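Everything numeric here is computed off the predicted structure, so don't read it as measured data. Note that ligands are numbered from 1 as they come in the structure, with each ligand's atoms numbered from 1 the same way.
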Amino acid sequence: MTQTNEHDVVIVGAGPAGSMAAIILAQKGYDVLLLDRYNFPRDKICGDAVPAGTIERLWHYGLKDKIDQAVERGEFYRVDSLLLVSPRGYDIEADLVDGHEGAKSYVAPRMHFDALMQQAAVDSGAKFCQAQAKTPIMENGKVVGVQAQVNGSTQEFYSKVLVGADGVTSVIARNLRPKEEQHEDKHRAIAIRAYIDDIEETPHEVEFYLYKEILPGYAWIFPTGNHSANIGLGMRLDHFRKYNKNLKKMLQEFLDMPAIKKRLLNGGQLHDVATWQLNFGSQANIEYSFDGALLVGDAAGFINPITGGGIYNSTLSAELATQVIEKALQSGDTSQQALQAYDQLCHEAMWDGMKSSHRLQRAFMNFPWLVDILIRFGKQSDSLTQTFLNKL
Ligand SMILES: Cc1cc2nc3c(=O)[nH]c(=O)nc-3n(C[C@H](O)[C@H](O)[C@H](O)COP(=O)(O)OP(=O)(O)OC[C@H]3O[C@@H](n4cnc5c(N)ncnc54)[C@H](O)[C@@H]3O)c2cc1C
């Protein structure tokens with residue numbers, strides 16, 4: 001039966017993953033409906049570091065002018081180098097690598113970055129609706145749409161393919177994945193983020209502080225320009241629970257460290273302090289495709305376990321998903337059998353990197369002194385610096 005409000009693709013969530021998928025499919029002429037529980041611009045708790053590889057992916061879909069204009073307006077702040085500081089205070093500085101086509105990396109507050117992408121999706125022809133998804137609609141075991149709250153009333157949106165891009169708390173993933181495939185605490189992290197003003201600027205450099213209490217996590221200071229920065233810290237969830245930590249207290253303890261106090265010149269007030277979770281891509285044997293539906297980005301769980309970076313993989317997974325969706329729509333077969341090519345593509349593109357990052361993460365947790373050794377004796381080519389450079 002054809003429903004009156006059926007779309008080729010309904011995408012739940014207009015973060016980087018959902019908007020990327022919407023941009024690509026809408027540019028190819030498909031009928032795409034993009035849903036988000038918020039209107040844009042809206043904040044998303046993040047370190048805001050957007051690597052050059054993501055910028056180039058957006059260039060490929062015609063977003064170069066929009067990005068250049070955001071840089072000109074001062075919304076995206078260019079970063080050229082990275083500083084890693086070890087538990088005992090050794091440090092290593094390295095240049096960030098430009099993209100293959102010359103793109104730079106940026107600290108781009110998500111208030112601006114996500115609004116740019118969501119607008120690009122609409123400009124590409126996707127329809128946008130502010131709606132809070134509640135549950136996928138199933139017919140004979142197949143996903144055929146999503147039920148959502150719109151302005152206080154329940155509406156049903158039907159799809160040939162439903163894309164779950166609703167982030168780490170995804171209702172689509174929760175409903176479609178079996179319980180044993182939900183992320184375990186050792187493949188998750190918890191993090192706190194704030195903005196800080198009136199600080200000493202280290203122009204165009206992102207800073208990572210790796211110290212004993214939070215390893216294999218870290219604290220960061222990412223400049224946003226004008227003597228302000230995104231500042232925060234994150235750690236593995238099992239570690240956090242085991243030691244009964246309090247993130248706000250930990251952030252204060254970080255700010256009170258003599259070296260950090262000196263670094264920030266006793267700098268300004270924190271604002272927009274908030275916590276959020278991360279799902280790593282290191283958990284094996286979980287599905288990303290279902291009968292009539294796919295998961296992309298954080299809803300699938302593609303964050304790198306050592307850097308905490310997820311924007312690159314969100315846009316990558318969206319791109320891979322659109323390849324499979326396009327074939328499925330062309331053949332008229334949107335069954336799990338047709339869509340599961342997506343699992344294979346994700347595995348090929350990301351799994352080796354996730355596995356090696358997970359190994360490094362475990363090593364840092366068990367042997368924190370390893371970080372001192374790597375940073376003290378490491379050069380630009382050392383594996384730790386390279387991991388951060390490549391995966392940020
Ligand atoms: C503290 C912190 C720091 C981080 N720092 C970095 C960093 O510096 N660089 C980096 O690359 N990555 C970083 N990450 C990871 C990065 O934020 C994520 O990987 C990225 O946002 C994933 O994009 P996404 O589109 O999959 O999900 P999200 O960005 O979470 O977007 C999901 C969207 O879905 C919407 N949504 C959710 N539920 C519903 C619903 N029920 N109905 C409708 N809409 C819904 C949300 O409103 C949101 O717009 C960080 C994460 C955290 C928590």
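Side-chain atoms of Ser335 and Asp291 form no donor-acceptor pair, as typed in the model, at a separation below 3.5 Å.
Note on Arg263 versus Glu200: no salt bridge recorded, every NZ/NE/NH1/NH2 to OD/OE distance being 4.0 Å or above. For Asp43 and Arg193, the salt-bridge test passes: some basic side-chain N is under 4.0 Å from an acidic carboxylate O. In this structure, Arg78 pairs ionically with Asp80, as a charged nitrogen and a carboxylate oxygen lie closer than 4.0 Å. Ion pairing of Arg236 with Asp185 is absent here, as no side-chain N (NZ or NE/NH1/NH2) approaches a carboxylate O to less than 4.0 Å.
Contacts between Ala131 and ligand 1, counted as non-hydrogen atom pairs separated by less than 4.0 Å, involve the backbone only. Of the heavy atoms in Ala17, both backbone and side-chain atoms come closer than 4.0 Å to ligand 1. Contacts of Thr169 with ligand 1, taken as heavy-atom pairs under 4.0 Å, are absent altogether. If you look at Lys44 next to ligand 1, the close heavy atoms, those under 4.0 Å, all belong to the side chain. Residue-level proximity to ligand 1 for Asp36 is carried by backbone and side chain together, each with a heavy atom below 4.0 angstrom.
Sorted by first and then second residue, the pairs that involve residues 269-299 and meet ring-ring contact (aromatic ring centres under 6.0 Å, His included), not counting sequence neighbours, are Tyr288-Phe302. For residues 169-191, the pairs satisfying ring-ring contact (aromatic ring centres under 6.0 Å, His included) are His187-His358, with sequence neighbours left out.
The closest approach between a heavy atom of Gly234 and any atom of ligand 1 is not below 4.0 Å. Ligand 1 has no atom lying under 4.0 Å from any heavy atom of Met20. Residue contacts with ligand 1: Gly232 is excluded, as none of its non-hydrogen atoms falls under 4.0 Å. Distances shorter than 4.0 angstrom do not occur between any heavy atom of Ala300 and any atom of ligand 1. In this structure, Phe302 has no heavy atom closer than 4.0 Å to ligand 1. Residue contacts with ligand 1 do not include Lys134, since none of its heavy atoms lies under 4.0 Å from the ligand.
Under the 30°/60° scheme for interplanar angles, the aromatic rings of Tyr218 and Trp220 are found to stand perpendicular.
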